[in-house]
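First up is the structure itself, then whatever we jot down about it.
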Amino acid sequence: GAVVSQHPSRVICKSGTSVKIECRSLDFQATTMFWYRQFPKKSLMLMATSNEGSKATYEQGVEKDKFLINHASLTLSTLTVTSAHPEDSSFYICSARDRAGESDNEQFFGPGTRLTVL
Amino acid sequence: AQSVSQHNHHVILSEAASLELGCNYSYGGTVNLFWYVQYPGQHLQLLLKYFSGDPLVKGIKGFEAEFIKSKFSFNLRKPSVQWSDTAEYFCAAVPWGGNKLVFGAGTILRVKS
């Protein structure tokens with residue numbers, strides 16, 4: 001089946017630093033990738049939709065200058081949390097849609113990245 | 001706003017009990033519906049999905065869900081749960097032609113052995 005990886009799985013950083021999270025589709029091409037944030041005991045909140053070769057589309061309330069998204073290739077999207085603060089601590093999950101099956105809205109999810117900002 | 005509601009936040013069952021998790025969505029038009037499962041320490045996995053056709057959808061691991069358009073519902077069922085079904089279950093929807101999944105709040109299922 002379609003596999004999506006994320007790196008790193010866990011990261012701890014100091015307040016004010018930037019952190020980059022990678023999302024890769026390992027065995028398929030993904031024109032569209034999605035970034036979610038999952039709060040404790042809550043559901044996944046869509047942050048942005050990442051389209052290969054174009055600017056990401058951010059959801060209302062998500063700061064595009066704080067959460068930089070780059071989708072440089074059909075298999076890689078990156079999320080950079082800039083000037084991280086403790087309130088950015090969360091579980092970040094990416095997903096990808098298989099380019100070959102885009103009429104099918106199924107998304108394949110990565111394992112997530114636990115970010116802790118001290 | 002379009003939304004997905006899951007009525008049960010925590011469910012505790014004994015092994016061999018039957019399971020039904022409720023899910024309702026608020027979209028008015030054609031919709032694609034999904035159930036995802038997240039086992040402890042693992043990533044989200046697709047259990048089953050509905051796009052069109054037979055409203056009774058069968059998924060992996062003995063799960064099934066029924067799409068009832070008149071009730072805007074897509075409840076998940078399993079006749080006999082196992083300890084290994086302990087996980088968090090998410091219902092999700094996306095309107096036809098769209099690409100954004102909207103998730104319900106999730107239901108944590110604990111199966112006692």
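Computed from a prediction, not measured in an experiment: that's the story for all the values here. Proteins get letters first, then strands, A, B, ... in listed order; numbering begins at 1 in each.
- Linking Ile, Leu, Val, Met, Phe, Trp and Tyr residues whenever their side-chain heavy atoms come within less than 4.5 Å places Tyr89(B) and Leu13(B) in a single cluster.
- Here the NE2-CZ distance, from His43(B) to Phe108(A), works out to 10.5 Å after rounding to the nearest 0.5 Å.
- One hydrophobic cluster holds both Tyr58(A) and Trp35(A) under the rule that ILVMFWY side chains link at heavy-atom gaps under 4.5 Å.
- Rounded to the nearest 0.5 angstrom, Leu44(B) CG and Ser95(A) OG are separated by 9.0 Å.
- Each of Met45(A), Gln6(A), Glu59(A) has some count of heavy-atom pairs under 4.5 Å with chain B, and the biggest count is that of Glu59(A).
- Contact detail for Phe90(B) and Gln38(A): the closest heavy-atom pair is CZ-NE2, 3.6 Å.
- Taking each heavy atom of Tyr36(B) and Glu106(A) in turn, the nearest pair found is OH-CG, 4.2 Å.
- Placement of Trp35(B) and Val11(B) within a single hydrophobic cluster is found when ILVMFWY residues are connected by side-chain heavy-atom separations under 4.5 Å, directly or transitively.
- Heavy atoms from other residues, nucleotides or ligands lying under 6.0 Å from NE2 of His7(A) number 12 at most.
- Residues of residues 104-113 of chain B lying under 4.5 angstrom from chain A, judged on non-hydrogen atoms, are Gly104(B), Ala105(B) in numerical order.
- Linking Ile, Leu, Val, Met, Phe, Trp and Tyr residues whenever their side-chain heavy atoms come within less than 4.5 Å places Met47(A) and Ile69(A) in a single cluster.
- Leu47(B) and Tyr25(B) fall within the same hydrophobic cluster, where Ile, Leu, Val, Met, Phe, Trp and Tyr residues are linked whenever their side-chain heavy atoms come under 4.5 Å apart, directly or through other members.
- Other residues, nucleotides and ligands contribute more than 12 heavy atoms inside 6.0 Å of the NZ atom of Lys66(A).
- At a 4.5 Å heavy-atom cutoff, the contact between Leu46(A) and chain B is made by side-chain atoms alone.
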Intermediate values then yes/no, side-chain contact (heavy atoms from CB on, under 4.5 Å), Leu46(B) and Phe109(A): CA-CA 9 Å; Leu46(B) 182 69; Phe109(A) 286 82; over 6 Å; no

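- Top candidate by heavy-atom pairs under 4.5 Å with chain A, chosen from His9(B), Gln38(B), Glu88(B), Lys100(B), is Lys100(B).
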